[in-house]
Amino acid sequence: MTTTAAPRRVAVIGGGQSCEHDVSLASAAAVAAALDPDLFIAIRLTIGLDGRWHLGSVPLGATPAASLAGAVTVLAECDVAFPAVHGPVGEDGTLAALCRLAGIPWVGSDLRAGALAMDKVTTKLVAESHGIATAPGTLVTASTASSARWDGPVVVKPVAAGSSHGVSLVTAADDLAPAIDSALALDDRVLVEQLVEGREVDVAVLERVDGSRLVGPALEIVSPEGSVFDLDSKYDGSADFRLPAALDDVQRKELAHAALTMFDALGCAGVARFDFFVTPMGVVLNEVNTMPGMTAESQVPRMFAAAGTSYRDLLSELVLGAAQTVR
Ligand SMILES: Nc1ncnc2c1ncn2[C@@H]1O[C@H](COP(=O)(O)OP(=O)(O)O)[C@@H](O)[C@H]1O
Ligand SMILES: [Mg+2]
């Protein structure tokens, strides 16, 4: 991509206060390093686990509130924000709301889509109301946890977390209560979900600068028998990705239709990743990520690279698209 315009200042925000802090640091560092230097100047803002903002590694204040004031001053001098923060207090719409209030264009979804997609219960409601299947699940809180009954193999997970933190595959009745406790350590709402027997296949949708939407080639994650796609295998390089996933035309169309339907129903923008199970009964939506992992090795950049859009061009699409969007 070439242009004669002055480079745009892009505030790349990383870190955050959730269990996905480290993953977000990796995404932000990779984005900042890969942004096309002919088009963009990256300004690194990092949110510490304690909520304090930093410019580079310099704290912008002694408290979260004081540092936020400094961060807004930095943001005001930027053309676009790229909130590469995964998980609660970031991907859930918090950072989109901050940018919206400050009048700064930003990459990715707005508050509504971020909040709806971060919450695995509302994601199910939106999906089911559009005819997209999800795993049947029961909501459990601290006050109802003791009444959760064993009903066969389940996956227990926080309603809003990420990177498989607090997610357990439970195949024995005695393991149910401890699994609920570990999920409750991360969120006050927990899903006890029927185990879906199927292939794990993810699909990304990219909104391009010209307004068209590109569905990337589907990526299959092959986990060892009897395990979930867990934290270690997500980031230690051991995950077995198949790209493009071996699918027939019907499966491919069903996945693309479901991903686009969810993109529109939630009101996503920029890029989002839709994680499915492909089962003999059809596709089942697992979850939606409105700010998916963004290192060059992450799923979404790999998917679009496989479709001919380099990591650098993917980032340019996102930033230039955000810069021209009025919201
Ligand atoms: N209902 C389910 N049936 C089978 N596997 C599941 C189910 N829910 C989650 N998993 C497995 O657990 C992993 C993490 O769960 P997920 O809901 O994606 O949480 P996170 O937001 O932490 O990524 C998934 O990638 C998948 O391997
Ligand atoms: Mg997931």
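Note that ligands are numbered from 1 as they come in the structure, with each ligand's atoms numbered from 1 the same way.
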Using a heavy-atom cut-off of under 4.0 Å, does the side chain or the backbone of [X] touch ligand 1, or both, or neither?
{"X": "I221", "value": "neither"}
{"X": "K157", "value": "side chain"}
{"X": "S223", "value": "neither"}
{"X": "V167", "value": "side chain"}

Query raised in the report: Which value, rounded to the nearest 0.5 Å, describes the distance between E20 atom CD and S164 atom OG?
Result: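 Answer for the CD-OG pair, E20 versus S164, is 9.0 Å.
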**Report entry** From the candidates K120, E193, E20, M118, the one that places a heavy atom nearest atom 19 (O) of ligand 1
**Finding:**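 Minimum heavy-atom distance to atom 19 (O) of ligand 1 goes to K120.
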**Report entry** Q299 and I221, any side-chain heavy atoms less than 4.5 Å apart
**Finding:** yes
**Report entry** Heteroatom N/O/S of E287 within less than 2.8 Å of the Mg ion (ligand 2)
**Finding:**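 Within the cut-off used here (under 2.8 Å), E287 does place an N, O or S atom near the Mg ion (ligand 2).
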Query - side-chain contact (heavy atoms from CB on, under 4.5 Å) partner of H86, the single match among S18, S24, S163, P292 - result: S24
Query raised in the report: With only distance considered, is V196 within less than 3.5 Å of ligand 1 through an N or O on each side?
Result: yes
Query raised in the report: Does an N or O from D275, backbone or side chain, lie closer than 3.5 Å to an N or O of ligand 1?
Result: no
Query - R112 and D110: CA distance, side-chain angles, deciding distance, salt bridge (Lys or Arg N to Asp or Glu O under 4.0 Å) verdict - result: CA-CA 6 Å; R112 173 191 51 193; D110 67 5; 3.8 Å; yes
